[in-house]
Amino acid sequence: MLYSPKKAVLVFGMTALLTAAGCSSQDEAAVEDGTASGEASTSAEGGSSEEEAVEVDSDQIPVGILHSLSGTMAMSESSVRDSELLAIEEINEAGGVLGKELVPVIEDGASDWPTFAERASKLLQQDDVPVIFGGWTSASRKAMLPVVENNNGLLFYPVQYEGMESSPNIFYAGAAPNQQITPAIEWLMENKGDDIFLLGSDYVFPRIANQAVISQVDDAGGTIVNEQYTPLGHTDYNTIISRIKEEEPDVIFNTLNGDSNVAFFKQLYDAGITSEDIPVLSVSVAEEEIQGIGADVLEGHYASWNYYQSTDTPENEEFVESFKEEYGESRVTGDPIEAGYFMVHLWAKAVEEAGTTDVDAVREAAGGVTFDAPGGPVEINGDNQHVSKTVRIGEVQEDGQFEEVWNSGDPVVPDPYLENYDWASGLSDVLTDE
Amino acid sequence: MEGIISQLFNGISLGSILLLIALGLAITFGLMNVINMAHGELIMIGAYATYVVQSLFIDYLPESMFNWYFILAVPAAFLTAALIGWLLEWTVIRHLYGRPLDSLLATFGAGLILQQAARSIFGAPNVGVQSPALLSGAVEIFSISFPKSRIFIILLVTACVLFMFYYFYKTSNGRRIRAVMQNRDMASSVGISTRQVDSTTFALGAGFAGIAGMALTLIGPIGPTLGTAYIIDAFMVVVVGGVGMLLGTVIAALGIGVFNTGFEYFTNASMGRVLLFAVIILFLQWRPNGLFNLSTRKLD
């Protein structure tokens, strides 16, 4: 009674249907994403080099690459790994460094800060790499900082950050606050209005960055109408949006990080607030994030970076072309990806300058080293080990690319402690006193 | 007044999302007692299924049809997630019934495998799903705007809940499932194939997770780690509602939604969350079995 033949047939039919549906959708997926196979093979290489201690010939130099290739940060960091590998390949094709071939040793930080510290010390002690390219979040950098300092290693870090730091063993290729946030706020107050709503994820970068923003806005006579932080990974922004509607700010300055951006922008759009009503300027939304959020939702909002895929330089044309050729037509570049690319070149040039890969000699030689990066010329500042670079503000277009609406013209000299700004006096003392 | 109404709507809306992500878990964890840590990944599979359906529409069908992709996405998400859930049950979970700690670890592992699989197939970055024009923007009622996507989710979850009540309480399959969950030995001695009931029930729970994934594409990110953002909330709803009780899950989800947005409104997002968990801890002291409690004569 319970299992009549009719029902058995029905069950069988449904199972077959389910199987068919599952198979076809997976086939589609594989066809659709041409990058998948490429990505899989590179990570397989990384896996194999991870197990064996790396053996290099006398005409090879091992270099460490340490990014999160799994976990929540993998979505951003694996692309930086890709551009670093691209730079290494280019350098090798041009004859290597000091006539030696660079051999990447890839480690996975797994979006977990203690893992970053542990993998970094493995790279420095076991593999004896003269340099590590890696990190994304400030937490991962702060985890690696004592390791590179104690082992006298070298870390090149590719992402914009909150500033207030300068370690002799780290080179900062991302923007210092005066190369991204400070000019963005100036531009906003000049062009969009003085009532600013601050929204950020609840961790170190947004909170420190916003303290600087608050003193800057106060100094310039603007108003911070509200300051809100949401936990990392927060996905419901309805209440925040209600607040935004009540306060009616002129602009929103957005330091949300990661997936929260997707939720925030989608929900803001659904609530009927367009970029014409209240424009949002973000500091963590680049081309790759736009793909995940949807360009229709972001159109007309702004971002502040040092580089866009659309940046018009001959170097960038070449860079975008080889990046797409290597990793697939659907891939996009972006600021941290570009920084990852040029910082490998900067290190290589500093090594050529020093004539050795010895850390102290390279650090000594690095000051003043220049490179024509895709985003314009960059130069290592010997004093604070940051990089001079051009600041650009871009507006999101329909196709998911940025159109530059303002740039600083010349490269801006890095000022991680905001020493050249009166309103920031006293700020750095408070903030570095951790 | 406007503030209160829109805030109440926010609460109900958050509640409906919580309910949607918890419905599948109410079956796999609530009824079957499998601590299913891969539930979040089943949600993710539903979201990616929606993405695939959307891409197919963009590639093969005229633009005018695009708005209707989400109609097809509902069954696609349900079936794909149900299939993966069925495979998961068949390969792993059926060996672990009655061993909650083992199943916790095994399903956690299975979840990681599914995450990495999604990363290899679709790439690590988030993918974008475009909301159909029909569901983007807001409706204005008395100068209060209600986002259409939220209204759609409330309707969708209502339909799902009604279907589940109908299925569990009005059909013979549903009766069989309840019989097995309440007293496995007795059910099997009257001729019910408990093995078959287990696997279909789990697939059903997985399918509802898939539908949740489909709905989440309207409001949130779609990436390999999507599930991890929702798994804790899903368990919270089921535990507060009372394990094994559908009605409890519904009330708990709405309650948590309203309280959460309320706390957030009066403090801030991080603090609202802390207060919410404080209230839940106190509540579970008072009613350790949740809102509703299924009394059975089971000896275990």
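Just so it is clear, the model here is predicted, and its values are computed rather than measured. Heavy-atom basis, side chains included; hydrogens, waters and symmetry copies ignored. Proteins get letters first, then strands, A, B, ... in listed order; numbering begins at 1 in each.
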Is chain A contacted by the side chain of B/Leu135, its backbone, both, or neither, given a heavy-atom distance below 4.5 Å?
-> backbone
Using 4.0 Å as the upper bound for N to carboxylate O, is an ion pair formed by B/Lys148 and A/Asp270?
-> no
Most contacts with chain B, counted as non-hydrogen pairs under 4.5 angstrom, among A/Gly294, A/Ala271, A/Ser260 = A/Ala271
Max heavy-atom pairs within cutoff under 4.5 Å with chain A, candidates B/Gln115, B/Gln7, B/Arg273, B/Gln116, goes to B/Gln7
Bottom line for A/Ile240: the part with an atom under 4.5 Å from chain B's heavy atoms is both
Candidates B/Val237, B/Leu216, B/Ile231, B/Ile211 - the one meeting side-chain contact (heavy atoms from CB on, under 4.5 Å) with B/Ile21 | B/Leu216
Which bit of B/Ser199 comes within less than 4.5 Å of chain A, counting heavy atoms only: side chain, backbone, both or neither?
-> neither
Measure the acute angle between the ring planes of B/Phe259 and B/Phe263, then classify it against the limits of 30° and 60° as parallel, tilted or perpendicular.
-> tilted
Look at the rings of B/Tyr48 and B/Tyr51 and say which category their plane angle falls in: under 30° parallel, 30 to 60° tilted, over 60° perpendicular.
-> perpendicular
Mind ranking B/Asn10, B/Leu14, B/Thr225 by heavy-atom pairs under 4.5 Å with chain A and telling me who comes out on top?
-> B/Asn10
Residue part contacting chain B, namely of A/Ser76, when any heavy atom lies under 4.5 Å | neither
Name the region of B/Leu112, side chain, backbone, both or neither, that has any atom closer than 4.5 Å to a heavy atom of chain A.
-> neither
Sole residue of A/Asn226, A/Ile252, A/Ile214 in side-chain contact (heavy atoms from CB on, under 4.5 Å) with A/Leu198 = A/Ile214
Tell me, side chain or backbone of A/Glu246 under 4.5 Å from chain B's heavy atoms, or both, or neither?
-> side chain
Quick one: which of B/Gln130, B/Glu140, B/Met271, B/Arg150 has the most heavy-atom pairs under 4.5 Å with chain A, could you say?
-> B/Arg150
Keeping the roles fixed (side chain from A/Glu287, backbone from A/Gln309), state whether a donor-acceptor pair exists under 3.5 Å.
-> yes
Any ion pair linking B/Arg195 and B/Glu89 (charged N to carboxylate O, less than 4.0 Å)?
-> yes
Ring-face cation of A/Arg331 near A/Phe323 (centre distance under 6.0 Å, axis angle within 45°) = no
Side chain, backbone, both or neither: which part of A/Asp259 has a heavy atom under 4.5 Å from chain B?
-> both
Report the option among A/His234, A/Gln228, A/Arg243 that has the most heavy-atom pairs separated by less than 4.5 Å from atoms of chain B.
-> A/Arg243
What part of B/Ser13 lies closer than 4.5 angstrom to a heavy atom of chain A: side chain, backbone, both or neither?
-> side chain
How about A/Asp82 and A/Ser79: does a side-chain donor come under 3.5 Å of a side-chain acceptor?
-> no
